[in-house]
Every structure is written in C-alpha cells, then in structure tokens.
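So the structure is just underneath, and the comments pick up after that.
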Amino acid sequence: MFSWLGTDDRRRKDPEVFQTVSEGLKKLYKTKLLPLEEHYKFHEFHSPALEDADFDNKPMVLLVGQYSTGKTTFIRYLLEQDFPGMRIGPEPTTDSFIAVMQGDVEGIVPGNALVVDPKKPFRKLNAFGNAFLNRFVCAQLPNPVLESISVIDTPGILSGEKQRISRASQWALVSHSCSYSSKCQQCQNMPTHSCVLLGKSLVHFNLSQ
C-alpha cells in the first residue's frame with residue numbers, strides 16, 4: 001500500500017543542511033511564504049515582508065511593568081554592569097524604550113538611525129512616527145550576556161487615565177506591536193509585579209518578596 005510514494009522520482013529530494021534554525025527558516029520563508037504573500041499583496045494591507053535582520057538577530061527579551069518595580073535594575077543585575085542611558089531611582093526615571101544590544105564599543109544610537117539600519121530588526125517601527133522614535137534608543141556595549149540575547153527596557157506603565165493621555169509615543173500600541181505586552185493585566189494592576197517576555201509567553205515575578 002502506498003508503494004507509489006517510494007517510486008516517484010519527483011518526490012525524491014536531497015536533504016538540505018542548515019547550520020542554524022534561523023537560516024533554515026529564512027530559506028523557507030523566501031522560497032515558500034514570500035512568493036505567496038507577494039501574489040496576494042499581503043504586504044499592502046497587513047504588514048511588511050520579513051527581512052534578513054528579522055531572522056539573523058538575537059532573541060529579544062522585553063521587560064514591562066509598573067514604574068519603579070526594578071526593570072532597569074534587573075537588566076543591570078543580569079549584565080553585571082551599567083549600560084548607556086541607564087537611570088535608576090525611586091521615582092519614574094526610564095522615559096524611553098532602550099534596546100540593550102551587543103556592540104564593540106559603548107554608545108547610544110538614536111531611534112531615527114535604528115529604523116534605517118538594515119542590520120537591525122527595527123525598520124517596521126518607523127510607522128509610529130517621530131513621537132515614538134524620539135523616545136527610542138539602542139544602548140550598545142560589549143557584554144557576554146548580550147552575545148546570546150538582546151534586552152529591551154521600557155518606560156513604567158502609568159496607572160488609569162494617565163496611561164492614555166500622558167504617552168505621546170502611543171505606549172500601549174507600540175508595546176503591543178513589539179510583544180503582546182498589553183495583554184499582561186496582572187502587572188498593570190499590581191505595582192509590585194513585573195514580567196519578562198520570552199517569545200509570546202510572559203513570565204511574572206513579584207519584586208516585593
């Protein structure tokens with residue numbers, strides 16, 4: 001039964017070998033999915049096509065939570081050193097999205113430069129305009145941890161009506177686009193809680209304990 005499956009030479013293909021999973025996904029996307037998206041004009045009504053940077057860059061961990069709950073302190077503890085643009089205090093201090101990434105020298109790259117860099121996976125954020133880009137920077141520094149992951153520090157989530165009227169950069173919309181973090185109601189309602197995003201899963205921790 002089904003002997004014809006083994007006799008059809010057209011179905012026999014030499015296996016392709018990829019060094020990394022991302023390399024295989026990139027090849028699969030460009031050969032299978034991208035032509036389909038272009039045929040149905042998917043990029044014109046939904047989202048732009050994926051670029052090489054979307055596959056080649058390191059996994060990103062986004063920290064979200066109420067202000068003064070230790071998001072920046074957690075990054076500092078993880079890296080075991082300060083990073084450019086870091087501000088820690090009892091009052092709300094982080095007022096920008098800071099992408100902490102691996103770099104040969106320490107420095108800060110402004111958001112307007114990040115969205116035109118083809119080697120960075122931030123080109124799609126250009127749609128949020130200058131109001132957001134003025135509050136988005138990349139802190140680069142050499143660090144062993146950043147050789148495997150990148151970390152994004154975010155402004156603290158304000159409470160109630162302040163969240164809606166006080167964010168010129170459309171905080172909820174931007175964070176939802178980046179991470180689905182607007183679904184984390186637990187950390188929005190509990191000041192002593194924060195969370196770490198791993199893929200599409202939010203890992204919660206209580207900073208009061």
When rounded to the nearest 0.5 angstrom, what distance separates [atom1] in [X] from [atom2] in [Y]?
| X | Y | atom1 | atom2 | value |
| --- | --- | --- | --- | --- |
| L63 | I75 | CG | CD1 | 5.0 Å |
| L36 | T31 | CG | OG1 | 12.0 Å |
| D82 | L141 | CG | CG | 10.0 Å |
| C138 | I108 | SG | CD1 | 9.5 Å |
| Y29 | S22 | OH | OG | 15.0 Å |
| Q81 | E106 | CD | CD | 6.0 Å |

Does the pair [X]/[Y] count as a salt bridge with the N-to-O cut at 4.0 Å?
| X | Y | result |
| --- | --- | --- |
| D52 | K119 | no |
| D153 | R76 | no |
| D56 | K26 | yes |

Does a side chain donor of either E38 or H43 reach within less than 3.5 Å of an acceptor in the other side chain?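 No, no side-chain donor-acceptor contact under 3.5 Å.
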Non-hydrogen atoms of S148 and P59 that approach each other most closely: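 Looking at all heavy atoms of both residues, the shortest contact is O-CD, 3.4 Å.
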If we only count heavy atoms from C-beta on, is the [X] to [Y] side-chain gap below 4.5 Å?
| X | Y | answer |
| --- | --- | --- |
| V100 | L146 | yes |
| Q102 | P142 | yes |
| V137 | F97 | no |
| K32 | K27 | no |

For F128 together with F136, are the ring centres under 6.0 Å from each other?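 Distance test on ring centres: not under 6.0 Å, no.
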Do you reckon F55 sits in the same ILVMFWY cluster as M101, going by side-chain contacts under 4.5 Å, direct or chained?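 Looking at the clustering, M101 is in a separate group from F55.
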Short side-chain to backbone donor-acceptor contact, K71 and Q66, under 3.5 Å: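 Confirmed, K71 side chain pairs with Q66 backbone.
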Give a yes or no on this: more than 12 heavy atoms of other residues, nucleotides or ligands lie within 6.0 Å of atom CD of E147.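 Yes - once you tally the heavy atoms of other residues, nucleotides and ligands closer than 6.0 Å, there are more than 12.
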For F45, does the CZ atom sit with more than 12 other heavy atoms under 6.0 Å from it, leaving out its own atoms?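 Yes, enclosed.
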